[in-house]
> 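I am attaching a structure below and will ask some questions about it afterwards.
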Amino acid sequence: MYLKTTLNKKTGRSYLTIVRGYRDAETKKPKSLTVKSIGYLDELKKEYKNPIEHFKEVAESMTKEYKAENEPITISFLRNEILEEDTNNRKNLGYAAILKIYHELELNKFFLNKQRHKRIYIED
């Protein structure tokens, strides 16, 4: 995430926002998403000594938090370890692989589109 400064040409005021850049999965083009709107720079100078540096640090800390929350999880186990008979550590992840394929093939969009264009025939 980074701090973006946008200049309004009519008023001459600068507006600060925190933006996260990402790459669109379908088009492979880079895009940006506004995460937080901060405000006008001239108003922020009344509250902060150096608002640009302050909010750059805020954007860096938000980046660290985002990466920590979206970090992949690794599950490890010992191959030779034997479970006790009375334990129930079973996890049902069987649908996860099928769900991923379902969305990669965009079947959800296909069925939704099919449902919208379905004609209903009423027999007398």
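These figures come from a predicted structure and were not determined experimentally.
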> Under a 4.5 Å cut-off applied to non-hydrogen side-chain atoms, are Leu107 and Ile101 in contact?
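Contact flag for Leu107/Ile101 side chains = no.
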> Run the side chain to side chain contact (heavy atoms under 4.5 Å, CB included) check on Ile18 and Val58 step by step: do they pass?
CA-CA 9 Å; Ile18 295 178; Val58 170; 3.9 Å; yes
> Shortest non-hydrogen contact from Ser14 to Leu7?
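So the two residues come closest at OG-CD1, 3.7 Å.
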> Give a yes or no answer on whether the side chain of Arg20 reaches the backbone of Leu33 with a donor-acceptor pair at less than 3.5 Å.
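No.
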> Linking I/L/V/M/F/W/Y whenever any side-chain heavy atoms sit under 4.5 Å apart, do Leu112 and Leu105 land together?
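Per the 4.5 Å side-chain linkage, Leu112 and Leu105 are not co-clustered.
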> Apply the hydrophobic cluster definition, ILVMFWY joined by side-chain contacts under 4.5 Å directly or through others, and give me every member besides Val19.
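Same cluster as Val19: Tyr2.
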> Answer yes or no: is there a donor N or O on one side and an acceptor on the other, between the side chain of Asn70 and the main chain of Tyr66, under 3.5 Å?
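Indeed, once roles are kept as given, a pair shorter than 3.5 Å links the two residues.
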> Does Lys31 come within less than 4.0 Å of Asp24, counting only side-chain N to carboxylate O?
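Asp24 and Lys31: salt-bridged.
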> Are Lys67 and Glu71 ion-paired here, with the side-chain N under 4.0 Å from a carboxylate O?
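Not counted as a salt bridge, because no side-chain N and carboxylate O are separated by less than 4.0 Å.
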> Tell me, yes or no, whether the heavy-atom count around Phe77 atom CZ, taken from other residues, nucleotides or ligands under 6.0 Å, exceeds 12.
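Count not over threshold, so no.
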> Among His54, Lys56, Lys36, Glu53, which one satisfies side-chain contact (heavy atoms from CB on, under 4.5 Å) with Leu3?
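Only match with Leu3 under side-chain contact (heavy atoms from CB on, under 4.5 Å): Lys56.
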> Hydrophobic clustering (ILVMFWY, side-chain heavy atoms < 4.5 Å, transitive) - are Tyr15 and Met1 grouped together?
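No, Met1 and Tyr15 fall in different hydrophobic clusters.
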> With sequence neighbours left out, what residues match Glu43 under side-chain contact (heavy atoms from CB on, under 4.5 Å)?
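Result, side-chain contact (heavy atoms from CB on, under 4.5 Å) vs Glu43: Arg13, Tyr40.
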> Measure the OH-OH distance between Tyr95 and Tyr102 for me, rounded to the nearest 0.5 Å.
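Here the rounded value is 14.5 Å.
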> When rounded to the nearest 0.5 angstrom, what is the spacing between CG in Leu16 and OG1 in Thr6?
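Separation between the atoms: 8.5 Å.
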